[in-house]
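Take a look at the structure below.
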Amino acid sequence: MHQPLGFRDPKYPDHVCLLQKSLYGLKQAPRAWYQRFANFVIKIGFSNSISDSSLFVYKQGSDMAYLLLYVDDIVLITSSDKLQASIMSQLSSEFAMKDLGPLHYFLGISVTHSPWSLFLSQRKYASEIIDKAGLSSCNSATTPVDTKQKLSISSGSAYHDPTEYRRLAGALQYLTLTRPDISYAVQQVCLFMHNPKTTHMAALKRILRYVKGTIEFGLTLLASPLSQLVSYTDADWAGCPDTHRSTSGYCVFLGDNLVSWSAKRQPTLSRSSAEAEYRGVANVVSETCWIRNLLLELGCPIQKSSLVYCDNINAVYLTGNPVQHHRTKHVKMDIHFVRERVAKGEVRVLSLSNR
């Protein structure tokens, strides 16, 4: 806190108010609230996850509970109704809380229960985006992106309302939480938020038209054994027409369920397709290691090596070949990171032909 301009005390220019409690809206308020909540749940037996600071894990004999915190929204999962009632009682004694019952809606995501699965959907949120864009009565598109052309910073004229473009592009980013099918298309339009053109807006509207036709789509999580992590990765070498950087993407399956996905432009140039593919492998191996650590904290360790499938045989060879070629010196960190995980038996990188 600082004294406001025009109201500073000349004798005590560094003096500020001493807060007796955190005020909503101050920069330190979220940290103060989180610290108070974390201190209490740790006192009643929870431990803070190392992989995710918003996750708290409770283990006492056969009793287990997971608590996920987002600001003041809480998702609580317990191994028994008795344990759930006990934890809810302790939380209610410290904080003003309201039990909303079984999970049906969380952070804009609708959760539909069935005997063997959960269906996650953002239909309401998607409808709101389409309404804001004025596309409620438009025709739907069959694909979210035009595969015949790549977006460029120099194509088209400047769009008349950059703020609208940024608002819609930002809204679509949150929609990818349950719509992995639009991740790449959204990543492409987000590259031009600093200077959107008419062609970029046309591409963004195409995504919205696709969402309108597939508004019932979502993410299904099935009850399946957590036996193995299987990942797929790919990259387009020098695919960006402006920077000639590559875009890499991956998806990670835990059992039968898709649990993680990404499409991202690589931060540096790749001098070969093998390098571009290998950087994609490094990204998915990093994500896989994080998921393995998270599952270990949840009490569900993965015993088998995680499989990573790549369609570039040279990138696969690099994961096990100890000989450093002069052409690979500039990607030494990624090579050592992946090779170390392969040597430990945590990950196996295979060619798609071995599938």
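What you see is a predicted model; the values in this text were computed from it and never measured.
No side-chain donor-acceptor contact under 3.5 Å links N293 and S51. Under the 3.5 Å distance criterion, with hydrogens and angles disregarded, a donor-acceptor pair is assigned to the side chains of Q35 and N39. A donor atom on one side chain and an acceptor atom on the other are found under 3.5 Å apart for Q266 and S270.
Linking Ile, Leu, Val, Met, Phe, Trp and Tyr whenever their side-chain heavy atoms come within less than 4.5 Å puts V347 and L350 in one cluster. By the rule that hydrophobic residues join a cluster once side-chain heavy atoms approach within less than 4.5 Å of another member, V111 and W116 end up as members of separate clusters. Under the 4.5 Å side-chain heavy-atom criterion for Ile, Leu, Val, Met, Phe, Trp and Tyr, L204 and I130 are members of the same hydrophobic cluster. No chain of hydrophobic side-chain contacts below 4.5 Å, direct or via other Ile, Leu, Val, Met, Phe, Trp or Tyr residues, connects L226 to L222. Hydrophobic clustering of Ile, Leu, Val, Met, Phe, Trp and Tyr side chains at less than 4.5 Å, counting indirect connections, keeps W237 apart from Y250.
For the pair S92 (side chain) and S89 (backbone), a donor-acceptor distance under 3.5 Å is absent.
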What do the steps show when you test K197 against Y159 for side chain to side chain contact (heavy atoms under 4.5 Å, CB included), and what is the final call?
-> CA-CA 5 Å; K197 302 294 180 65; Y159 186 63; 5.8 Å; no

Assess whether side chain to side chain contact (heavy atoms under 4.5 Å, CB included) is satisfied between I42 and S47, documenting all intermediate values.
-> CA-CA 6 Å; I42 290 173; S47 60; over 6 Å; no

Could you walk me through whether L67 and L91 pass side chain to side chain contact (heavy atoms under 4.5 Å, CB included), step by step?
-> CA-CA 11 Å; L67 189 151; L91 290 174; 4.0 Å; yes

Residues Q149, T199; criterion side chain to side chain contact (heavy atoms under 4.5 Å, CB included); working and verdict | CA-CA 11 Å; Q149 62 179 2; T199 53; over 6 Å; no

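Residue Y34 places its OH atom among more than 12 non-hydrogen atoms of other residues, nucleotides or ligands, all under 6.0 Å distant. A 6.0 Å sphere centred on CZ of R348 holds no more than 12 heavy atoms belonging to other residues, nucleotides or ligands.
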Side-chain donor/acceptor pairs under 3.5 Å, residues 298-306, sequence neighbours excluded:
unit_1	atom_1	unit_2	atom_2	d
S305	OG	G345	O	2.3
S306	OG	R292	NH1	2.9

Anything under 3.5 Å between a donor and an acceptor, one on a side chain of residues 210-220, the other on a protein residue two or more places apart or in another chain? List them.
unit_1	atom_1	unit_2	atom_2	d
Y210	OH	D181	OD2	2.8
K212	NZ	C138	O	3.4
T214	OG1	R179	NH2	2.7
T214	OG1	Y210	O	2.8
E216	OE1	R123	NH1	3.4
E216	OE2	R123	NH1	2.6
E216	OE2	R123	NH2	3.4

Contacts table for residues 168-176: side-chain donor-acceptor under 3.5 angstrom, sequence neighbours left out:
unit_1	atom_1	unit_2	atom_2	d
Y174	OH	L107	O	2.3
T176	OG1	Q173	O	2.5

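A salt bridge between R279 and E275 is present, with a side-chain N of the basic residue lying under 4.0 Å from a carboxylate O of the acidic one.
Atom OG in S114 sits 10.5 Å away from atom CZ in F119 (nearest 0.5 Å). Here OG of S49 is found 5.5 Å from CG of L294. Values are rounded to the nearest 0.5 Å.
Contact annotation: the side chain of L135 approaches that of K205 to within less than 4.5 Å [non-hydrogen atoms, C-beta and beyond]. You'll find the side chain of C310 stays beyond 4.5 Å of the side chain of Y278, heavy atoms only.
Remark: D234 engages no residue in a salt bridge (Lys or Arg N to Asp or Glu O under 4.0 Å) (not counting sequence neighbours). A search for salt bridge (Lys or Arg N to Asp or Glu O under 4.0 Å) contacts involving K150 returns D236, not counting sequence neighbours. Take Y66 and apply the ring-ring contact (aromatic ring centres under 6.0 Å, His included) test, not counting sequence neighbours, and it matches no residue. For F56, there are no ring-ring contact (aromatic ring centres under 6.0 Å, His included) partners two or more places apart in sequence or in a different chain. Partners of E346 according to the salt bridge (Lys or Arg N to Asp or Glu O under 4.0 Å) rule, which considers only residues two or more places apart in sequence or in another chain, are R341.
Here side chain to side chain donor-acceptor pair (under 3.5 Å) pairs that include residues 3-19, with residues two or more places apart or in two chains, number zero. Sequence neighbours left out, the pairs with a member in residues 88-111 that pass ring-ring contact (aromatic ring centres under 6.0 Å, His included) are W33-F95, F37-F95, F40-F95, H104-H113. Sorted by first and then second residue, the pairs that involve residues 86-115 and meet salt bridge (charged side-chain N to carboxylate O under 4.0 Å, His left out), not counting sequence neighbours, are R36-E94. Residues in residues 75-85 take part in no side chain to side chain donor-acceptor pair (under 3.5 Å) pair, two or more places apart or across chains.
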